[in-house]
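Structure record follows, encoded as structure tokens.
Each chain gets a letter, A, B and so on, in the order the sequences are listed, and its residues count up from 1. The model shown is predicted, which means the values in this text are computed figures rather than measured ones.
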Protein chains: 2
Amino acid sequence: MLSDECGEQRAVLAIDRGCCDLQSMRCGLCAGLAGEDLHAVRAVGRRYALRRGQAVAEVTGAGTYCANLTTGILQVLRPEVDGSRTIGLVFPGEIIGDLNGGRPSDDAIVAITDAEICIYQSVDLERVADRHPSVRRALLGSAFEALSQARRWMLVLSRPSARERVAAFLVEMAGRLRGVNADQNTLELGLSRGRIGDLLGLSLETTSRQMQALARAGLIAFPQRRQVRFVNRGGLEKVAGLAFRPPTGAAV
Amino acid sequence: MLSDECGEQRAVLAIDRGCCDLQSMRCGLCAGLAGEDLHAVRAVGRRYALRRGQAVAEVTGAGTYCANLTTGILQVLRPEVDGSRTIGLVFPGEIIGDLNGGRPSDDAIVAITDAEICIYQSVDLERVADRHPSVRRALLGSAFEALSQARRWMLVLSRPSARERVAAFLVEMAGRLRGVNADQNTLELGLSRGRIGDLLGLSLETTSRQMQALARAGLIAFPQRRQVRFVNRGGLEKVAGLAFRPPTGAAV
DNA sequence: CGACAAGTTGATGATGGTCAATCCTTGTGG
DNA sequence: CCACAAGGATTGACCATCATCAACTTGTCG
């Protein structure tokens, strides 16, 4: 286990007080808020910069925090008998932690790219939400959005064949990073083949082989090892078995 | 395709006005509400009885409804090129539909046991939530709960081997039905082997074989074909690879 | 009783996991 | 700047697992 990848120390660095600089306030929670409400939320949030490999120990600990990913990608690592397994990803705009202070989990949340998060104490956020109804509405919207994404992810995982799963994974990644990356056709994976295999329930070798096969079929290319360029997105979606689905979220 | 299983007509029957009879108001949304707030929610909800096989056409249609399952189990069916596939289950207390009026989906929601749901027009619920903050808080709680369950389900699906997935499926079903069934050790599946296979990304034959194997190993028994009796739950959890996880929800 | 769907079981081939060797990339230290 | 080390990625060989096809049994409903 890389110390790089699993520093359990509180490896975060406060860079600012107040969530979301006013230039780019598309961070899920703040999007949809304005004026007084936005100000109130900003007042209780604190922005942190995470370097690749650092853990969000604050969020995983007592469960009294709630955070909002602004930029970058995080992974959720679950300890297992033989090392840890990547069981989920977090994309910009998504919320991690739990307002309700649910059972604390022993999952680690680690940045797989440099990232920025806004951290709130749950109690603070609750207090703001009590006074500003639109804040709780925004939270509810984020939660529904997260739910919709989780259910889409379940579809990826229930694909029977490895080929379909890998293709669906790439399509899903591309969809989630829409608007984040400058180049719409190139995707920075950040994850090793092994971690992707964890996510998909496949071995790292099978993951690698399937990706190679997709590349040989002319659907994708690898400018660098952890970069994917989409050459034939339609074809990829067809392999993924998602060809005729609308590209984004669906109710229930 | 059974007409029994996929009646696309509006096959619901209003049995009452007002969600949740006051005796058993543990239906997720209403739990946690009281007095004036509870009354307001009940006023805009309508309770329906679904018979096994009936579809909740109202919810899937325009996306302007939001509903709350009181009793029974529903399945979410997604149309695919070759027939439909079961892609998810809904358990009592969970919320279906979308408040935000997200993109309407063409998934069908069908009862796999007799069931009761409370249906709300999203606009009604929104209006009530605006006036009663604790209603939106309850909605938020339900959404986080659903999210936590979806993420646990993802863990089931990312298990590599068929044996583990089937065992994890059974454990998960048992956990979700806690308190619903009188007999804690017997589980009414309601789903055919094929539908279970859909959910788990397995063929129906493999599903059957794995269940037989678990039975031969003395972990479960089948009093009836679609009933499971847990003989050795600890052993089953061990096979599922979930032995050392807490039994219920975890944040993120 | 007969028809039909679900479930079980067997045989066989394709897919994916495992083990192992090699290559590529990156970072480090002389 | 180069050599070297260490992970990650790729590829191959082999074998376990799972999907598929098919026959048969069980259960249900008319």
Using atom CZ of Arg52(A) as one end and atom P of dG7(D) as the other, report the distance to the nearest whole Å.
14 Å

Given dG16(C), is OP1 or OP2 found less than 4.0 Å from the side-chain N or O atoms of Gln210(A)?
yes

Provide, to the nearest angstrom, the distance between the CZ atom belonging to Arg195(A) and the P atom belonging to dG7(D).
14 Å

Output yes when at least one side-chain N/O atom of Thr206(B) is less than 4.0 Å from OP1 or OP2 of dC18(D), else no.
no

Could you check whether Glu172(B) pairs with Arg152(B) (Lys NZ or Arg NE/NH1/NH2 to Asp/Glu carboxylate O, under 4.0 Å)?
yes

Is it the case that the base of dT11(D) and the side chain of Arg216(A) share a donor-acceptor contact (distance under 3.5 Å, atom types as modelled)?
no

OP1, OP2 of dA9(D) versus side-chain N and O of Ser208(A): anything below 4.0 Å?
no

Under 4.0 angstrom between Gln212(A) side-chain N/O and dT11(D) OP1 or OP2
yes

Whole-Å gap separating P (dT17(D)) and CZ (Arg163(B)):
9 Å

Ion pair present between Arg78(A) and Asp107(A), side-chain N to carboxylate O less than 4.0 angstrom?
yes

Distance-only polar pair, side chains of Thr207(B) and Arg165(B), donor-acceptor under 3.5 Å
no

d(CZ, Arg193(B); P, dT25(D)) in whole Å
19 Å

Identify whether any heavy atom of Gly197(A) sits under 4.0 Å from a base atom; if not, whether one sits that close to sugar-phosphate; answer base, sugar-phosphate or nothing.
nothing

Output the rounded distance in Å from CG (Asp198(B)) to P (dA19(D)).
12 Å

Could you tell me how far apart Phe222(A) (CZ) and dC24(C) (C1') are, to the nearest whole angstrom?
15 Å

Which is more 5' along DNA chain C, the nucleotide nearest Gly194(B) or the one nearest Arg209(B)? Just name the residue.
Gly194(B)

Can you work out whether Glu205(A) or Leu204(B) has the more 5'-proximal nearest nucleotide on DNA chain D?
Glu205(A)

Given atom CD of Gln227(A) and atom C1' of dA9(D), what is their separation to the nearest angstrom?
16 Å

Using 4.0 Å as the upper bound for N to carboxylate O, is an ion pair formed by Arg176(B) and Glu94(B)?
yes

Please state how far atom CG in Leu202(B) lies from atom P in dT20(D), giving the value in whole angstrom units.
11 Å

When you compare the side chain of Val156(B) with that of Leu200(B), does any pair of heavy atoms fall below 4.5 Å?
yes

Is the shortest side-chain N/O distance from Arg226(A) to OP1 or OP2 of dA9(D) below 4.0 Å?
yes

